[in-house]
Amino acid sequence: MSSATPIDTVIFDVGNVLYRWEIRALYEKLIDDPQELEWFLAHVVTPEWHFQHDAGRPFAETSRELMAEYPQYATLIAQFGPRFDETVPGPVAGMGEIVAELADKNVPLYAITNFSDEFWGPFAAARPHVFGHFQDILVSGTEKLVKPGAAIYELAIKRFGIDPARALFIDDRQDNVEGAITCGLHAHLFVDARALQRELEALHLL
């Protein structure tokens with residue numbers, strides 16, 4: 001990606017950009033039978049079900065509904081909220097170092113994340129070594145706006161007080177990248193830290 005306007009601001013996604021996110025990481029500890037695990041992840045606690053939390057619905061509501069539909073799995077469904085952090089098996093390799101290096105170079109850092117409001121607080125508080133570098137983070141579940149909808153990018157641009165033509169947004173999903181571009185941001189489709197580093201070097205940010 002090249003830009004006639006210098007890029008001086010970086011906006012990150014969080015899940016599968018800064019930190020890995022896998023529902024499986026929790027439930028493979030709780031379901032021993034491989035076939036049952038696959039069925040459960042495909043039909044019961046799914047990313048689509050969890051997306052309701054990112055959109056602002058509380059776990060108490062979504063879990064109650066899901067337990068009514070799958071009463072045989074009520075105990076397992078109930079584990080999702082209290083043990084949400086176990087769906088985050090660790091950082092994405094190399095990304096903590098990139099964030100720290102950008103911060104050392106005084107590059108303004110922000111984030112736009114599809115994330116539950118109630119899960120975000122404990123998650124972020126446990127990782128100050130990364131999120132302490134960010135000037136502001138817009139959380140979908142708090143705002144009840146989700147990517148790739150234009151409204152969340154427009155709110156971020158306004159709240160962060162940035163010129164979108166001077167900002168690079170980084171996300172692992174093509175639809176989110178396209179949403180950002182539609183709102184005037186530059187964007188990088190995240191694959192791994194090495195490719196991102198090359199992009200940031202080309203933009204003279206690293």
Side-chain angles (χ1 to χ4, degrees), residues 1-22 25 47 54 85 87-115 119-120 123-143 145-206:
M1 185 198 75
S2 62
S3 170
T5 303
I7 305 259
D8 57 18
T9 299
V10 178
I11 307 169
F12 286 92
D13 174 36
V14 174
N16 293 322
V17 172
L18 298 179
Y19 285 90
R20 294 160 54 207
W21 182 69
E22 303 167 14
D54 292 347
D85 209 56
T87 68
V88 183
V92 173
M95 290 304 293
E97 293 82 355
I98 286 178
V99 168
E101 188 173 350
L102 287 168
D104 285 345
K105 293 182 178 297
N106 297 313
V107 176
L109 301 179
Y110 300 91
I112 306 171
T113 181
N114 280 353
F115 214 108
F119 300 159
W120 173 257
F123 170 82
R127 298 162 175 85
H129 58 290
V130 171
F131 296 117
H133 293 302
F134 286 74
Q135 295 191 17
D136 198 358
I137 298 173
L138 198 152
V139 178
S140 67
T142 306
E143 307 301 333
L145 300 170
V146 294
K147 297 178 292 182
I152 194 168
Y153 300 105
E154 291 166 356
L155 176 61
I157 290 165
K158 181 178 179 180
R159 194 169 95 182
F160 299 164
I162 60 171
D163 177 356
R166 300 178 71 91
L168 177 70
F169 174 69
I170 300 157
D171 200 291
D172 65 306
R173 290 180 53 119
Q174 182 67 39
D175 55 348
N176 293 342
V177 162
E178 290 171 359
I181 291 170
T182 298
C183 291
L185 293 156
H186 297 278
H188 172 90
L189 181 62
F190 182 79
V191 177
D192 58 33
R194 181 174 297 179
L196 176 59
Q197 175 132 8
R198 288 196 297 267
E199 178 79 30
L200 294 171
E201 288 171 351
L203 293 169
H204 308 292
L205 292 169
L206 290 180

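What you see is a predicted model; the values in this text were computed from it and never measured.
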Minimum-distance pair of heavy atoms, taken over all atoms of [X] and [Y]:
X    : Y    : answer
A187 : I181 : CB-CG1, 3.8 Å
I152 : L145 : CD1-O, 3.1 Å
I7   : A165 : CD1-O, 4.2 Å
V130 : L18  : CG1-CD1, 4.5 Å
A93  : A193 : O-CB, 3.3 Å
H133 : A103 : ND1-CB, 3.4 Å

Just verifying a value: how many Å separate [X] [atom1] and [Y] [atom2], rounded to the nearest 0.5 Å?
X    : Y    : atom1 : atom2 : answer
N114 : N176 : CG    : CG    : 6.0 Å
N16  : M95  : CG    : CE    : 11.5 Å
Q197 : I98  : CD    : CD1   : 5.0 Å
D54  : T113 : CG    : OG1   : 7.0 Å
I137 : T142 : CD1   : OG1   : 10.5 Å

Pairwise side-chain contact, [X] with [Y], heavy-atom cut-off 4.5 Å (strictly under):
X    : Y    : answer
L200 : V10  : yes
H188 : D172 : no
F190 : F12  : no
I170 : I11  : no
P148 : E178 : no
V92  : V17  : no
L168 : L185 : no
R20  : V88  : no

Practice problem: Return each pair, listed once, that meets side chain to side chain donor-acceptor pair (under 3.5 Å) where at least one residue sits in residues 149-169; pairs must be two or more places apart or across chains. | Solution: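 Qualifying pairs: D8-R166, D136-R159, E143-R159.
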
Practice problem: In sequence, state the C-alpha distance, the side-chain angles, and the governing distance for D85 and F119, and then conclude on side-chain contact (heavy atoms from CB on, under 4.5 Å). | Solution: CA-CA 8 Å; D85 209 56; F119 300 159; over 6 Å; no

Practice problem: Apply side-chain contact (heavy atoms from CB on, under 4.5 Å) to E199 and L206, showing your working. | Solution: CA-CA 9 Å; E199 178 79 30; L206 290 180; over 6 Å; no

Quiz item: Between D171 and R173, is the closest basic N to carboxylate O distance under 4.0 Å?
Solution: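 The answer is no: the pair does not qualify as a salt bridge.
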
Quiz prompt | Note: D13-K147 ion pair, threshold 4.0 Å (strictly below) | solution =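 Yes, this pair counts.
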
Practice problem: Going by the ring pair (Phe, Tyr, Trp, His ring centres under 6.0 Å) test, name the single residue among Y110, F134, F169 that passes it with F160. | Solution: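 Running ring pair (Phe, Tyr, Trp, His ring centres under 6.0 Å) over Y110, F134, F169 with F160 returns exactly one hit, Y110.
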
Exercise. Kindly state whether the ring of W21 and the ring of F115 have centres lying under 6.0 angstrom apart.
Key: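 Distance test on ring centres: not under 6.0 Å, no.
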
